[in-house]
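I have placed the structure first, in the form of structure tokens, so that the comments after it can refer back to it.
All of these numbers come straight from a predicted model, not from anything done at the bench. Lettering of chains follows the sequences in order, A, B, ..., and the numbering in each one begins at 1.
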Number of protein chains: 2
Amino acid sequence: MQNDGSHPFVIDRLTDSPGVLRCEGHRGSAPNVRFRASLPTGRVPALSQSFPGEGGPGADMSLETIARLAGVSRSTVSRVVNDDPRVRPAVRERVRAVISDQDYHPNAAARSLASRKTRIIGLLIPGAVSFVFSDPYFPTLIQGITDACNAADLHVMLMMDPSDDPATIDRLYRRVIRGRHIDGLVIGTSMIDDPLVARMRDDRFPTVVIGRRPDEPMLSSVDIDNREAARLTVEHLIDHGHRRIGLIGGPRVVIAAQNRFDGYHDALAAAGIVADPDLVLDSDFTQSGGSAAMRHLLGAPGGPPSAVFVASDTMAAGAFTTLAEAGARVPDDIALVGFDGLERHLQTHPTLSTLAQPITGLARAAVEMLRRRIDAPEAPPVHHLLPTFLWRRGSCGCSGPAPPGSVWHPTGTVIAADVQGDPRSHAEKGGEPVHDHPALVAPV
Amino acid sequence: MQNDGSHPFVIDRLTDSPGVLRCEGHRGSAPNVRFRASLPTGRVPALSQSFPGEGGPGADMSLETIARLAGVSRSTVSRVVNDDPRVRPAVRERVRAVISDQDYHPNAAARSLASRKTRIIGLLIPGAVSFVFSDPYFPTLIQGITDACNAADLHVMLMMDPSDDPATIDRLYRRVIRGRHIDGLVIGTSMIDDPLVARMRDDRFPTVVIGRRPDEPMLSSVDIDNREAARLTVEHLIDHGHRRIGLIGGPRVVIAAQNRFDGYHDALAAAGIVADPDLVLDSDFTQSGGSAAMRHLLGAPGGPPSAVFVASDTMAAGAFTTLAEAGARVPDDIALVGFDGLERHLQTHPTLSTLAQPITGLARAAVEMLRRRIDAPEAPPVHHLLPTFLWRRGSCGCSGPAPPGSVWHPTGTVIAADVQGDPRSHAEKGGEPVHDHPALVAPV
DNA sequence: TTGTACGCGTTATCAT
DNA sequence: ATGATAACGCGTACAA
């Protein structure tokens, strides 16, 4: 069981500090022989030489080359490349043949310089959530964004806030935005007091935020109705007969977390239930945070709750393990409902009931909205809400494990297109759902 | 419990098909009033107008403008921007003042066009693993890459293979690579028969692959010694007294999975144990895959194993749930060791013993190696191995839950720098660890 | 339908 | 140390 002595080298320390990856250790058979390994990761002073293309096709190709080979002018080649109809079919074919033959691809930088478009959009993951970046929500979102961009012939520049260094953030994004590196920006999640948001608005830079920001009506946004969704979810627990219902929420700086918090209170208030403050916990969207919060709830002064609304599936997974340890049965002793609808958590026993949000849909919508915003920067901003579904399964008490092919249960959450530029949420405006936005809702 | 009728609109169907996000439903209070919502996500015919800058500072700024305002030539401004030492401090300060005053930022496209460098690197997640993209391994890797790029003043273009459409892959990456969109490429994981890898080699495009590819010695690579690490892990189980040891492996198309498979067999062979084929399962690196595999193992013809090496922590988490259902105690009935060392899985009970790999270190190393490769394209490729640690905790039988601050146990896995260009793994060359690479290992 | 000529904003090479 | 000037590769009015 003592591996240390049986192998030639033993690492005593691994330091993964900024600028250098460093290891220290000793020789297993001779402890006095020490060694140190380091891999610098700092900044290079300057770039030296350029990458030389190979000698064959594809090297040093330009419109000029293709034009010569095809016996036409640069303009004609350019038109062919850009699918300009004003080119005779015969010529087009000839040029295409040469292009394909030479494996020519237009230079992105030259294109951007001339067209003032990069066909790159930025995807920003705010720094304050980067510690929870491994929550499956973000990978799913990212995959959705990249898929949508693939379909739209766009590229994605991924930017993650280094939350530990505000100066870097500033420098980085000004470079990217002001340097015209990207045509538009998707902000992956909405946080209060996000300094970048205000700047994007001031810069009038094409931006779509995922998650509504009533404070920033001039930035397009796409979201689900977190508050209403949370209300429905808690209402469902109330319908199950629960009166003592806990909340494991996310950090309030995440606007969605605040909305879910509000929805929780809406539901209780509507049912005439007085919320027990000891049952309302702000956690951090991590699995361990969910575990810890559930431990707190089990030891609540007024006794544990009979049901808990957990504001993310990842936290719900943590809550599950705590309950398993404590020997509490789900849903008999404590019922549970999560939020997100992540496939990853369908494996719990009993299966996790959860309010499912269309993450891929949010991603697609964000990309589509951004494209329009880039094409028509002066058009008013747009705010969209996508539908959600309360997925009733085992942990809320509805039924046993759902069969693999089970269908989402509609909850009645509404697709609403806010009045353009109106920063107030749909609920705040107090009326019927707005469903006459041509792009979103059309009567059958 | 019937929410459907109590809300104004009910979504009957949500179709998230390519090209359009579509919803259908009816009015809750009037089932005959139906509506349909759709959000097109297709391709735009062409871009129309450019993004207009605002009127104040930052609009239409160029070297020329700054030069005029500072009373110098474009060249001087360019030198200041690029930290060229050949400029008088006084002038430099004056120019800097104007730049800062005008909030000027150089245009990325123009820069790239003139310098033939984009300062963007591509990060490719192969399509065959995209279904397992939400495994925390990838988010962690991505975060490491972006952090390293931030530090090096580089940007990241994220590319995810749409595995369902080979034609798109081809078109996309040729555009990106041949269009000179990026200076270099990091391939996030090594798969056998990855067509892109061969092309990168043929194009002599600066590329670093994470995960060794003995078949592609001309591409730089960074990896851990998966085979040796797996061998050590299984050896550890053997040291615990286990003889009937199962393997839940990853898909063999992932080279690392094959390596871990080999290491498993190495350990058994070294101990004179004949492997029971019924205990060796290829799974898919997902949690549900781990669950299913463990169910298979419990029903193995020769009886369940007394210990299982699970080739990823995520699968181990799945295995855990299966064991919990079956009422099997860990590690008393069945011992478990995972692979990856992901923080997310530290919450199991008992705590998961796991072979931890330095994911962030792999990311940093990849970026650093790629930078060098970009700077010196003609230098020979480099192959690095990073150290790993067997984190002995509860599930292997070593001890109870580790305290929060517990330190990684070194395993003696070696930092090795392969001889340049030598495709054979360190183990294959059969010798002592190579520890004299100047950049990696220096005696203390 | 096709070609000419200019501009995009920067870097790099010469001069001075 | 600084300034003029020529690329860089492409898009696009405008002319033909």
Side-chain angles (χ1 to χ4, degrees), chain A residues 46-53 58-95 99 102 104-119 175 178-181 183, chain B residues 46-53 58-95 99 102 104-119 175 178-181 183:
Chain A
L47 295 167
S48 53
Q49 20 171 173
S50 68
F51 170 71
D60 296 329
M61 277 297 143
S62 76
L63 277 190
E64 185 71 47
T65 324
I66 303 298
R68 257 205 323 273
L69 265 47
V72 295
S73 74
R74 285 210 310 263
S75 314
T76 302
V77 180
S78 175
R79 291 190 186 103
V80 171
V81 166
N82 294 298
D83 286 322
D84 189 314
R86 303 172 303 176
V87 156
R88 256 190 313 178
V91 178
R92 177 192 309 281
E93 283 321 303
R94 185 152 42 94
V95 173
I99 287 177
Q102 301 293 320
Y104 161 77
H105 293 270
N107 179 292
R111 252 186 154 172
S112 300
L113 182 58
S115 69
R116 305 175 133 291
K117 283 259 177 298
T118 65
R119 299 210 67 87
R175 244 196 251 285
R178 304 301 294 275
R180 296 280 184 271
H181 243 311
D183 293 336
Chain B
L47 295 167
S48 53
Q49 21 171 174
S50 68
F51 170 71
D60 297 328
M61 277 297 140
S62 79
L63 277 189
E64 186 69 49
T65 323
I66 303 297
R68 256 206 325 274
L69 264 46
V72 294
S73 73
R74 287 206 310 260
S75 312
T76 302
V77 180
S78 176
R79 290 190 186 102
V80 171
V81 166
N82 294 297
D83 287 322
D84 190 312
R86 302 172 305 176
V87 65
R88 255 189 313 175
V91 177
R92 177 191 310 280
E93 283 321 304
R94 184 152 44 95
V95 173
I99 288 177
Q102 301 292 320
Y104 160 78
H105 293 271
N107 179 292
R111 255 190 153 166
S112 300
L113 180 57
S115 69
R116 303 172 139 287
K117 284 260 178 296
T118 64
R119 299 210 66 87
R175 243 196 252 284
R178 303 301 295 275
R180 296 281 184 271
H181 245 310
D183 293 336

May I have the distance from A:R119 (atom CZ) to D:dC10 (atom C1'), rounded to whole angstrom? 15 Å
Can you check whether A:Y104 has a side-chain N or O nearer than 4.0 Å to OP1 or OP2 of D:dG9? no
Could you give the distance from CZ (B:R92) to CD1 (B:I99), rounded to the nearest 0.5 Å? 10.5 Å
Are any side-chain N or O atoms of A:N82 and backbone N or O atoms of A:S78, one a donor and one an acceptor, separated by less than 3.5 Å? yes
Short side-chain N/O contact from B:T76 to OP1 or OP2 of D:dG3, under 4.0 Å: yes
Is the backbone N or O of A:A108 less than 3.5 Å from a side-chain atom of A:S112, with the two atoms forming a donor-acceptor pair by type? yes
How bent is the helix from C:dT1-D:dA16 to C:dT16-D:dA1, measuring the angle between the end axes built from five pairs each, rounded to 10°? 30°
Where protein sits on nucleotides 11-16 of chain D, one letter per nucleotide: B base, S sugar-phosphate only, - none, heavy atoms under 4.0 Å: BBB---
Any donor-acceptor pair under 3.5 Å linking the side chain of A:R74 with the backbone of A:E64? no
Rounded off to whole Å, could you give me the CG-to-P distance for the A:N107 and D:dA7 pair? 18 Å
In whole Å, I'd like the distance from the NE2 atom of B:H181 to the C1' atom of D:dG9. 14 Å
Side chains of B:N107 and A:R116 only: does a donor on one sit below 3.5 Å from an acceptor on the other? no
Can you tell me how far P of C:dG9 sits from CZ of B:R68, to the nearest Å? 12 Å
Let me see the working for A:Q102 and A:T65 under side chain to side chain contact (heavy atoms under 4.5 Å, CB included), right down to the final yes or no. CA-CA 10 Å; A:Q102 301 293 320; A:T65 324; 5.9 Å; no
Spacing of A:R178 atom CZ relative to C:dG9 atom C1', expressed in whole Å: 16 Å
Are B:V91 and B:V95 side-chain neighbours, meaning at least one heavy-atom pair lies under 4.5 Å? yes
Please report, rounded to the nearest Å, how far the P atom of D:dT2 is from the CG atom of B:D84. 10 Å
Here the distance between atom P of D:dA7 and atom CG of A:L113, to the nearest Å, is 17 Å
Measuring from B:E93:CD to B:R88:CZ, what's the distance to the nearest 0.5 Å? 13.0 Å
Round to the nearest Å and state the distance from B:R175 atom CZ to D:dC10 atom P. 14 Å
Value rounded to 0.5 Å, distance of OG1 in B:T76 from CZ in B:R86: 10.5 Å
